[in-house]
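Here's the structure, in structure tokens; my notes come after.
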Amino acid sequence: GQSLEQPSEVTAVEGAIVQINCTYQTSGFYGLSWYQQHDGGAPTFLSYNALDGLEETGRFSSFLSRSDSYGYLLLQELQMKDSASYFCAYPGSARQLTFGSGTQLTVLP
Amino acid sequence: NAGVTQTPKFQVLKTGQSMTLQCAQDMNHEYMSWYRQDPGMGLRLIHYSVGAGITDQGEVPNGYNVSRSTTEDFPLRLLSAAPSQTSVYFCATGTYQTGGNTIYFGEGSWLTVV
């Protein structure tokens, strides 16, 4: 079947680095995306990996290994405002996204 | 530029009532979709469309209908509301014209069925 697995919760302190892992199982693969969602808000796009390797966007980076069916989101220099839920997702052939269940990140002062 | 607009933002329905959640976009995106998100859960795809006149089912389509008569609008109809449909509903759009895989979400519609 098709699925994505990610940890349900991660806690880190302000200024630290945190990595959120995602493993997936899918019959067709069109890349791995990451979305951020604050409480009561809409998901917003963070990053997308179509190929193996690291994509960097400011303090956020995302990594993909297609041979391992694995990816991660790396958040550096954590700030309080980074406390949110983070979802990995993969698209189908028509861009319809399947989401993981989300990782709740809590940043402590 | 409004982006993706969902209405209503909040709605309370009685079991058995029907209603339509509206989604409008002004970005000329081909792709539109509806997700539901239950408390503490991820987003589950209900229906999606790759262009006007074309719709397809997602992971949880039962109890919902959609149509796509124009590029801009993608309404979601609840035929006979049930308490299990209490959720937050998100409309999301995307384009095939550029590279990448970004989809853009509306602000959500909070639906309670009593």
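Every chain is numbered from 1 and lettered A, B, ... according to where its sequence line falls, protein lines coming before strand lines.
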* To do: Please answer whether the main-chain N or O of B:Ile103 pairs with a side-chain N or O of A:Tyr35 as donor and acceptor at a distance below 3.5 Å.
  =>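 Checking the backbone N and O of B:Ile103 against the side chain of A:Tyr35, a donor-acceptor pair under 3.5 Å is found.
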* Is there a donor-acceptor pair under 3.5 Å between the side chain of B:Tyr35 and the backbone N or O of A:Leu97? ->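 Side chain of B:Tyr35 to backbone of A:Leu97: a pair is present.
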Which atoms form the tightest heavy-atom contact between [X] and [Y], and what is the distance?
{"X": "A:Gln96", "Y": "B:Tyr31", "value": "CA-OH, 3.0 Å"}
{"X": "B:Gly106", "Y": "A:Ala42", "value": "O-CB, 3.1 Å"}
{"X": "A:Phe99", "Y": "B:Leu43", "value": "CB-O, 3.7 Å"}

Kindly work out whether a path of hydrophobic side-chain contacts (I/L/V/M/F/W/Y, heavy atoms less than 4.5 Å apart) joins [X] to [Y].
{"X": "B:Tyr48", "Y": "B:Tyr89", "result": "no"}
{"X": "A:Tyr30", "Y": "A:Tyr70", "result": "no"}
{"X": "B:Leu111", "Y": "B:Phe105", "result": "no"}

Please check if the number of heavy atoms outside [X] that lie under 6.0 Å from its [atom1] is greater than 12.
{"X": "B:Lys9", "atom1": "NZ", "result": "yes"}
{"X": "B:Glu107", "atom1": "CD", "result": "no"}
{"X": "A:Gln19", "atom1": "CD", "result": "yes"}
{"X": "A:Asp68", "atom1": "CG", "result": "yes"}

* Out of A:Gly100, A:Pro43, A:Gly31, which one racks up the most heavy-atom pairs below 4.5 Å with chain B? -> A:Pro43
* Top of A:Gly40, A:Gly41, A:Ser85, A:Ala94 for chain B proximity - count of heavy-atom pairs under 4.5 angstrom ->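 Most heavy-atom pairs under 4.5 Å with chain B: A:Ala94.
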* Structure fact -> Bottom line for A:Gln104: the part with an atom under 4.5 Å from chain B's heavy atoms is neither
* **Region of B:Gln37 in contact with chain A, defined by heavy-atom distances below 4.5 Å** =>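 B:Gln37 touches chain A through side-chain heavy atoms alone.
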